[in-house]
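To start, the structure under review is shown below, and the notes come after it.
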Protein chains: 2
Amino acid sequence: MERETGTSSRDRVLQAAMSMFGEDPGARLSVRAVAARAGVSTGSLRYHFPTQRALQDAVLAGIYDVITPGDRIHDRSAPARDRLIDCLRQVLTFAGVGEQARAAWSEIFTTFIEPEPTDENRAAYLALEREAQRRVEYWLTVLSNEGALAEGDNSRRARFLTTVLNGLSIARALPSEESILTTETETLHAAVDHVLNSRF
Amino acid sequence: MERETGTSSRDRVLQAAMSMFGEDPGARLSVRAVAARAGVSTGSLRYHFPTQRALQDAVLAGIYDVITPGDRIHDRSAPARDRLIDCLRQVLTFAGVGEQARAAWSEIFTTFIEPEPTDENRAAYLALEREAQRRVEYWLTVLSNEGALAEGDNSRRARFLTTVLNGLSIARALPSEESILTTETETLHAAVDHVLNSRF
DNA sequence: ACCTGAACACCGTTCAAGT
DNA sequence: ACCTGAACACCGTTCAAGT
């Protein structure tokens with residue numbers, strides 16, 4: 001393991017963790033694994049990242065700094081609520097509408113629900129899910145940092161939001177009365193408002 | 001630790017796990033903790049529940065068996081929040097856990113999502129959905145009438161809740177980390193709290 | 001200030017051995 | 001068939017001790 005001399009210990013840890021995440025988003029990023037990869041002790045890692053959660057957040061922030069510069073979440077000229085809704089909508093957009101939504105769920109269905117789950121595809125799905133979870137969590141972290149969101153368990157909040165997103169996205173694949181747009185908007189707003197305004 | 005003689009080992013484990021969940025739905029339900037409470041070895045627990053996930057699923061199923069007999073919504077001795085949560089859980093019970101959940105979604109999938117929607121099955125699905133919607137709306141009406149719920153658009157609220165239920169129920173069919181139990185409870189509570197406590 | 005690595009108190013799972 | 005409990009390979013966190 002080369003030491004990448006010249007770089008600070010903290011940077012080496014972060015770099016190691018980020019590249020591990022890059023190679024496999026489903027990876028565990030355990031203290032020992034990251035520390036070993038970075039060539040530092042677990043104690044040193046803990047010194048810079050007092051908690052595992054802190055490390056994960058740093059990795060997430062780092063990843064998205066690289067990947068998503070045009071993310072609306074950073075547009076501080078707009079209210080936090082609007083920005084978060086915008087970002088969540090992006091996720092739904094990706095899920096598509098009508099025909100496209102049905103195709104997307106078909107894919108998920110035939111690979112992850114229909115067959116008896118093997119360890120392999122279980123892991124594959126969990127990686128996907130964690131990826132989505134982390135993205136939402138990252139948005140919440142940004143809002144937290146600027147004080148738009150009360151102290152709280154962001155990963156719990158993210159879980160809540162992704163569950164709502166799943167519900168909305170499957171609704172797009174199922175038959176529905178008239179425009180689901182209104183319904184969807186209302187529900188999305190309700191979910192976001194709950195996260196922003198309640199102690200939870 | 002009394003052994004509750006006469007009960008099978010498997011039952012004791014399940015009972016212990018369920019009562020632990022009852023005392024604290026956020027509890028970890030670790031192998032050792034549950035085994036100790038049940039007065040059996042970890043090996044025995046593993047014999048009956050080959051994986052931690054299997055145990056969690058059994059607990060979930062058991063919980064719903066216990067709480068589903070009547071419609072709790074009218075039981076004014078309990079807080080509105082608890083009653084509503086109870087009723088929503090009944091809906092989830094129908095969705096099942098594990099294998100059963102996957103089968104249920106398979107059904108929905110092959111009839112309503114995969115095929116190009118005909119007018120006929122569109123109508124069939126919409127009927128199902130309206131039924132679910134009506135049931136939830138009815139519960140909200142009951143709470144409204146006794147003043148536990150602020151004036152507002154109950155059908156909108158019901159739509160929000162059914163969307164969350166859909167998200168939770170599909171999560172039961174998809175692979176998941178061991179903790180769906182906690183996640184599900186948290187999300188359900190969050191959704192109900194939002195409906196009960198916010199102007200919406 | 002930064003870093004080390006052992007120690008602590010946990011996990012879930014496996015498995016030879018017993019009845 | 002059912003059960004035991006030790007063992008394995010992990011966790012995340014703490015901390016006395018070093019530089």
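Below, each value reflects all heavy atoms present in this structure, side chains not excepted, and no hydrogens, waters or symmetry copies. Order of the sequence lines fixes the chain letters, A, B, ..., with proteins taken first and strands second; residue numbering starts at 1 for each chain.
The ring pair (Phe, Tyr, Trp, His ring centres under 6.0 Å) contacts involving residues 27-61 of chain B comprise nothing, where partners must be two or more places apart or lie in separate chains. Residue pairs satisfying the ring pair (Phe, Tyr, Trp, His ring centres under 6.0 Å) criterion with at least one member in residues 95-126 of chain B, sequence neighbours excluded, are listed as follows: A:Phe109-B:Phe109, B:Phe112-B:Tyr125.
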Return one dot-bracket line describing DNA chain C 5' to 3' (Watson-Crick or G-U wobble pairs, both distances under 3.5 Å; ( ) same strand, [ ] crossing, | another strand, . none). ||.|||||...|||||.||
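Spacing between atom CG of A:Leu45 and atom P of D:dC11 amounts to 13 Å, rounded to whole angstrom units. Computed from coordinates, the B:Glu177 CD to D:dC11 P distance equals 14 Å when rounded to whole Å.
Phosphate proximity of D:dC3 to B:His48: present, with a side-chain N or O under 4.0 Å from OP1 or OP2. Put simply, A:Ser41 has no side-chain N or O that comes within less than 4.0 Å of OP1 or OP2 on C:dG5. For C:dC3, the OP1/OP2 oxygens have no side-chain nitrogen or oxygen of A:Tyr47 closer than 4.0 Å. Residue A:Ser44 places no side-chain N or O under 4.0 Å from the OP1 or OP2 atom of C:dC2.
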Show the atom names and distances, to 0.1 Å, of all donor-acceptor pairs under 3.5 Å that link a side chain in residues 52-59 of chain B to residues at least two apart or in another chain.
residue: B:Gln52; atom: OE1; partner: B:Arg46; partner atom: NH2; Å: 2.4
residue: B:Gln52; atom: NE2; partner: B:Leu29; partner atom: O; Å: 2.7
residue: B:Arg53; atom: NE; partner: B:Asp57; partner atom: OD1; Å: 3.3
residue: B:Arg53; atom: NH1; partner: B:Ser176; partner atom: O; Å: 3.4
residue: B:Arg53; atom: NH1; partner: B:Ser176; partner atom: OG; Å: 2.9
residue: B:Gln56; atom: NE2; partner: B:Glu178; partner atom: O; Å: 3.2

Residues A:Asp193, A:Arg81; criterion salt bridge (Lys or Arg N to Asp or Glu O under 4.0 Å); working and verdict: CA-CA 7 Å; A:Asp193 285 343; A:Arg81 181 177 187 266; 2.5 Å; yes
Go through the steps for B:Arg89 and B:Thr185 under the test side-chain hydrogen bond (donor to acceptor under 3.5 Å, both in side chains), then give the verdict. CA-CA 9 Å; B:Arg89 277 213 153 114; B:Thr185 303; 2.9 Å; yes
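One finds the OG atom of B:Ser77 at 7.0 Å from the CZ atom of B:Arg72 (value rounded to the nearest 0.5 Å).
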Detail all sub-3.5 Å separations between protein N/O atoms and N/O atoms belonging to nucleotides 12-15 of chain D.
residue: D:dG12; atom: OP2; partner: A:Val31; partner atom: N; Å: 3.0
residue: D:dG12; atom: N7; partner: A:Arg32; partner atom: NH1; Å: 2.9
residue: D:dG12; atom: O6; partner: A:Arg32; partner atom: NH2; Å: 2.7
residue: D:dT13; atom: OP1; partner: A:Thr51; partner atom: OG1; Å: 2.7
residue: D:dT13; atom: OP2; partner: A:Arg46; partner atom: NE; Å: 3.1
residue: D:dT13; atom: OP2; partner: A:Arg46; partner atom: NH2; Å: 2.5
residue: D:dT13; atom: OP2; partner: A:Gln52; partner atom: N; Å: 2.9

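For A:Phe160, the ring-ring contact (aromatic ring centres under 6.0 Å, His included) criterion is met by A:His194, A:Phe200, not counting sequence neighbours.
In terms of modelled atom types and a separation under 3.5 Å, the side chain of B:Thr162 and the main chain of B:Arg159 share a donor-acceptor contact.
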